[in-house]
Structure formats: structure tokens, C-alpha cells
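Reading through the C-alpha cells given below for one structure.
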Protein chains: 2
Amino acid sequence: MSGNGHKLLTAEREQRIMQLLHDSDVVTVSAISEALGMSEATVRRDLQAMHERGLLERVHGGAAIKQESSPEPLFSDKEEQFSAEKQRIAAAALSLIHDHDTIFLDGGSTVLMLARMLDSLKALTIVTNSLMAAAQLMESPHRLILTGGEFRAISRTLVGPLSSPILKNIVVDKAFMGTMGFTISDGMSTTDANEAYTKTRVMERARQVILLADRSKLGCSSFVTCGPDWHLDVLVTDAIDIKMRQELEERDIRVIVAGKNATAKATAGTARANQ
Amino acid sequence: MSGNGHKLLTAEREQRIMQLLHDSDVVTVSAISEALGMSEATVRRDLQAMHERGLLERVHGGAAIKQESSPEPLFSDKEEQFSAEKQRIAAAALSLIHDHDTIFLDGGSTVLMLARMLDSLKALTIVTNSLMAAAQLMESPHRLILTGGEFRAISRTLVGPLSSPILKNIVVDKAFMGTMGFTISDGMSTTDANEAYTKTRVMERARQVILLADRSKLGCSSFVTCGPDWHLDVLVTDAIDIKMRQELEERDIRVIVAGKNATAKATAGTARANQ
DNA sequence: CTATATTCAATCAAATTCAATCATCTCCAC
DNA sequence: GTGGAGATGATTGAATTTGATTGAATATAG
């Protein structure tokens with residue numbers, strides 16, 4: 001047994017302190033001092049040493065166990081408004097992905113929601129320029145590749161000419177894009193020229209371009225467009241004007257409407273426009 | 001040639017000591033001395049010999065079993081590991097940066113600590129491959145650029161050949177590097193080949209290479225080295241062997257030791273600057 | 001908000017532990 | 001027997017740790 005003499009080694013004391021912390025999540029300095037038969041000065045020194053090694057959290061009067069609930073706040077999504085429509089759109093888009101696919105994830109809250117659902121798939125290679133998506137996928141088993149580029153704070157994405165060289169070296173099966181606005185004449189549009197530039201580069205390197213846009217984006221243009229010769233293969237939305245849908249399908253753009261009744265089996269339920 | 005007598009052989013003593021260590025994770029020198037019936041001087045000699053062979057961990061007053069878990073945390077966010085030494089090293093490195101500089105920040109907890117201090121400077125252009133540093137600098141007013149590349153979960157950095165094209169397009173004034181080990185013969189070394197590759201590319205594109213490494217890194221090599229023709233301009237550390245220092249200075253590598261005496265000035269200065 | 005009571009961090013003296021040194025002992029070869 | 005190599009135990013000055021003290025910082029009560 002470990003019932004050594006009266007002397008306690010530093011390592012041994014730390015073990016006992018951790019034991020006390022494990023028993024009750026917080027302990028006072030005086031309690032530790034009494035339990036281990038050490039002066040409070042020594043206890044404080046030990047606590048500080050252990051705190052500096054990340055073993056516990058120091059609080060006034062004692063110590064508390066370190067909560068492991070922190071992997072999230074790296075890129076905290078504070079303004080993330082959960083939306084049922086975006087959730088349905090993301091779920092519909094998810095069914096387009098297969099195991100072993102190589103996909104690109106753009107910025108935007110809808111695409112981010114899709115990123116959260118990727119645990120159900122296996123062995124993906126995920127390329128993204130969104131730090132929010134990257135933070136979400138950090139612990140996932142998938143292969144994760146980030147494009148470089150200049151950090152744009154508002155969208156938390158990496159954009160601009162510096163993202164170009166790395167995009168030239170890769171080809172993705174499917175690119176899932178977000179946007180600020182979408183019109184048939186101008187395609188996707190956004191508020192930042194660098195962001196538009198990067199979107200264009202991504203679409204050039206994708207075998208299939210899939211746009212995730214809720215109904216509020218359709219028909220409006222933002223500041224910068226991605227150029228006149230835009231390219232799109234699939235549009236996933238929650239509701240769409242019948243006329244716009246026809247125009248898109250004339251251009252061989254498949255339209256998937258993730259309506260209220262069709263959440264899981266979105267691909268099958270596209271025949272019904274849910275306005 | 002080895003007369004097996006009634007006295008305890010060295011090998012036999014070591015076995016007994018390991019047995020004691022196995023029973024309770026820590027034992028005092030006096031306890032071993034009493035248990036094996038020999039002087040404390042001999043016990044200390046044995047413990048040192050065993051420590052040098054990596055069989056146990058030496059602590060003041062005795063010995064502890066060697067824990068395999070400590071050297072590299074797998075997934076936990078141990079970057080919160082505050083260390084006074086690393087803090088001092090980062091503070092010393094901070095004084096090398098000037099307003100309007102273009103700097104590169106590598107991965108590693110010491111460099112991350114430096115990233116936290118950059119608020120006191122103005123109009124920096126910061127290039128980094130560390131997601132932790134990026135998260136830290138997200139809200140800063142500086143221009144922030146991320147290299148792309150494959151995401152390495154353990155270090156939370158972007159590494160590998162895909163980071164190469166973007167690094168070819170930029171030149172930084174100062175590159176602040178972290179490392180797992182550093183020797184004069186091999187330079188920096190790390191545990192991952194892709195990470196070593198990216199480090200090498202970065203150092204090629206930096207006018208000045210500055211290594212931040214606490215004393216535990218000096219003199220040891222990790223798995224992969226950055227190549228024989230390594231290049232370094234400044235080493236910032238908390239303590240260094242006098243012989244190694246001379247060898248470095250013969251190679252025109254400046255050595256900055258952020259010792260305890262420099263703490264008061266350095267931290268006081270930065271604390272005030274941060275306010 | 002002020003006043004009181006804890007708690008903290010820095011400092012210093014005392015105790016403990018360490019590492020280096022030296023004298024002694026054992027074993028073995030010559 | 002003599003001498004050398006290696007190991008052991010004691011000694012000593014240095015380094016580390018510990019506990020008490022003190023003024024500052026923080027929390028609590030009124």
C-alpha cells in the first residue's frame with residue numbers, strides 16, 4: 001500500500017489532491033491542508049503548479065476540476081440562429097454525398113449545418129475555406145483540408161488570390177456552396193470581391209456544384225457577382241418560385257426542394273413544390 | 001567473473017526498486033534505503049542511473065513511475081497549459097516584432113502564447129498555419145492569412161505539400177517557429193513528416209527565422225528532422241547549456257535567454273501595454 | 001458604498017534533499 | 001601479499017522545499 005511514512009512527495013501530494021477533487025468537484029485550500037497535513041502555503045504552491053500544467057482550475061479559496069467542455073469555444077458560433085429551413089436544406093444536401101467522396105464546403109450557416117451532419121458518412125475528404133466548418137470537423141475522422149487565404153472576419157472564411165494556388169492543385173467531386181444572393185442572370189453574388197473570387201475558383205475545380213440557398217436568397221443580388229459565365233448543377237432550397245424553377249431546369253440545373261414534409265427522403269420528394 | 005554472493009547485485013536492486021515503484025506510484029529515497037538496507041547515497045546513484053535509462057521519473061525526495069501519457073496530449077486542448085517559462089519566452093519574442101511587420105506563426109503552445117500578446121502592436125500582417133493561433137487572432141485588427149494544407153489534429157496545424165503553393169507566394173519578415181526538439185546537428189525536429197515539410201518551406205520564405213523553445217526541447221531530437229541544411233537566426237529559450245550557446249553563437253545564431261530576472265520587466269511591460 | 005474578514009502572493013529562515021568528493025571495503029589478478 | 005578497479009557509505013556545501021509572516025488583493029457583510 002502507499003501508506004508511506006509521514007513525508008509526502010510532491011507527486012504523491014498531487015495524486016491525493018486530484019483524488020479530493022475527483023470526490024467533490026471543488027475543495028478549499030484549508031481542506032486540502034488539513035487532509036494532507038501540509039501548510040496552506042505549500043498547498044497553494046502545489047495548486048498553482050498543477051494549474052499551470054492544466055490539471056485543475058484555480059478558484060478563490062481553493063480549486064475546482066477542469067471542465068472538458070471547451071473544445072467548442074475555439075470558433076464560437078454565437079450568432080448561430082438555428083433555422084428549421086436551413087436544417088432541412090442541409091439534410092437534403094447530405095443525401096447527395098456518398099462514402100469516400102471528396103467534397104468542398106463553402107462558408108455560410110446552411111453549409112455549416114451540413115458539416116455537422118457528416119459524421120454519418122465514412123472516409124470523406126473534406127476541403128473547406130470556412131473556419132467554422134473546420135472547427136466543426138476538427139474532431140471528425142474524415143480527412144480535412146483547408147484552403148489558405150486571407151481571413152475574412154465577417155464570414156470567417158479564407159478568401160482572395162492567395163487561396164488560388166492551392167485550389168489549382170485539387171479537384172473535388174462535389175462543391176457545396178453558400179451565397180448571399182442568387183439570380184439566373186448573375187448566378188451567386190456576395191458582398192466581398194475576394195470571396196467572390198474564391199467561389200469562382202472553387203467552382204472551376206468541382207465536378208459538381210451544389211448551391212444551398214434558402215428562399216430568401218433566391219432572386220436577389222448582392223454586391224459582387226461571381227461572373228457572367230457561372231456554373232451550377234444542383235440547387236437545394238426550401239421553397240422556390242415555379243417560374244424560376246422552370247428556367248433553372250431548362251438549363252439542366254436540378255432543383256431540390258426540401259419542404260416541410262420531406263426531410264429525410266428529400267431526393268425522392270422533389271416532385272412536390274412546397275410553396 | 002561476477003561472484004554471486006550474499007550482497008545485492010545492481011541489477012537485483014533495480015528490480016526491487018521497480019517492484020516498490022510498481023506497488024505505489026511514488027517512493028521516497030529513505031523508504032528505498034530502508035527497504036533494501038543500503039545507504040541513501042547508493043539509492044540516489046541507482047535512481048539516477050535508472051532515470052538516465054528512462055526507467056523512472058526522478059522527483060525531489062524520491063522517484064515516480066514514468067507516465068507515457070504526458071509527452072503528447074492526443075486530443076485534449078492542453079494549449080491552455082499555462083507555463084511561466086513559456087510566457088517569458090513569448091514575452092521576449094514579442095519585443096522582436098515591430099509595427100507593420102509581416103510575421104509567420106507556427107504551431108505550438110509557446111508560439112500560441114505569443115499570438116495572444118500581439119494586441120499591443122499595430123498593423124501586422126500575420127501568416128499562420130495554426131488553427132489555434134488563428135482562433136486567437138480572429139478578432140484582432142491585424143491582417144490574418146492562413147496557409148492551407150491538410151489538417152493535423154494533434155497539433156491543430158495545416159501541413160503537408162498542399163501548404164507549399166501558397167507559401168511560395170509570400171515572404172515574411174520574421175517566422176516564429178515551435179518545435180518538438182532541437183539539436184545543433186539536425187536542427188528542428190517533429191513527429192510528423194508533413195509538419196517537418198511545411199516547417200522547411202516556411203523557413204525558406206522568411207527573412208529571419210526565430211525559434212521559440214523551452215529548455216526541455218534543447219538537445220533532443222524527435223522523429224523527423226527538417227533536413228541537414230537547416231537555417232536559424234534567433235533562438236529564444238528560458239535556459240540553455242553554456243556549451244550549446246557557444247556553438248550556436250559561433251554559427252551567428254543569436255541566443256536570447258528569458259530568465260527569471262527578466263520576468264518582472266518583461267511581463268510588467270506587456271501587461272501595461274495590453275491595457 | 002464602506003468596513004471587515006479571507007485569501008493570496010512574495011519573502012525569509014529552517015529543514016530537507018541533492019550531488020560531488022573522499023575514505024574504505026571487496027573482489028580479483030598478478 | 002600487493003595493487004587496481006569498482007562499489008559503498010559518510011561528509012559537506014549547494015540547491016530545493018517547506019512553513020510562517022506580511023502586506024496586498026479579493027470576497028462578504030452591513
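Side-chain atoms are counted along with the backbone in the values below, which use heavy atoms only and exclude waters and symmetry mates. Below, chain A is the first sequence line, B the second, and so on; all start at residue 1.
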Audit row: A/L146, A/L131, side-chain contact (heavy atoms from CB on, under 4.5 Å) steps and yes/no | CA-CA 8 Å; A/L146 266 81; A/L131 285 199; 3.6 Å; yes
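In this structure B/T42 satisfies the side chain to side chain contact (heavy atoms under 4.5 Å, CB included) test together with B/R13, B/M38, B/S39, B/R45, B/D46, sequence neighbours excluded. The side chain to side chain contact (heavy atoms under 4.5 Å, CB included) test applied to B/H98 returns B/D101, B/K174, not counting sequence neighbours. Residues forming a side chain to side chain contact (heavy atoms under 4.5 Å, CB included) with B/E14 (at least two apart in sequence, or on another chain): B/T10, B/M50, B/R53. Qualifying salt bridge (Lys or Arg N to Asp or Glu O under 4.0 Å) partners for A/E34, counting only residues two or more places apart in sequence or in other chains: none. For B/R44, the side chain to side chain contact (heavy atoms under 4.5 Å, CB included) partners are B/V29, B/E40, B/R58, not counting sequence neighbours. With sequence neighbours excluded, no residue forms a salt bridge (Lys or Arg N to Asp or Glu O under 4.0 Å) with B/R254. Shown here are the salt bridge (Lys or Arg N to Asp or Glu O under 4.0 Å) partners of B/E57, two or more places apart in sequence or in another chain: there are none.
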Can you give one letter per nucleotide of nucleotides 17-30 of chain D, 5' to 3': B if a protein heavy atom sits under 4.0 Å from the base, S if only from the sugar-phosphate, - if neither?
-> SBBB-----SS---
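Applying the side chain to side chain donor-acceptor pair (under 3.5 Å) test to residues at least two apart or on different chains, the pairs with a partner in residues 200-213 of chain B are B/D173-B/R207, B/R201-B/E204. Pairs passing the salt bridge (charged side-chain N to carboxylate O under 4.0 Å, His left out) check and including a residue from residues 213-235 of chain B, sequence neighbours excluded, read B/E85-B/R215, B/D214-B/K217, B/R215-B/D238.
Atom pair B/R44:CZ and C/dT16:P shows a separation of 13 Å (rounding to whole Å applied). Between the C1' atom of C/dA19 and the CD atom of B/E52 lies a distance of 12 Å, rounded to the nearest Å. Protein atom CZ of A/R58 is 11 Å distant from nucleotide atom P of C/dT7, rounded to whole Å. Rounded to whole Å, the distance from CG on B/L47 to P on C/dC18 is 8 Å.
One axis for each end of the helix from C/dC1-D/dG30 to C/dC30-D/dG1, each built from five base pairs, and the angle between them comes to 30° at 10° resolution.
At a non-hydrogen distance threshold of 4.0 Å, A/V29 from residues 24-34 of chain A come into contact with DNA chain C.
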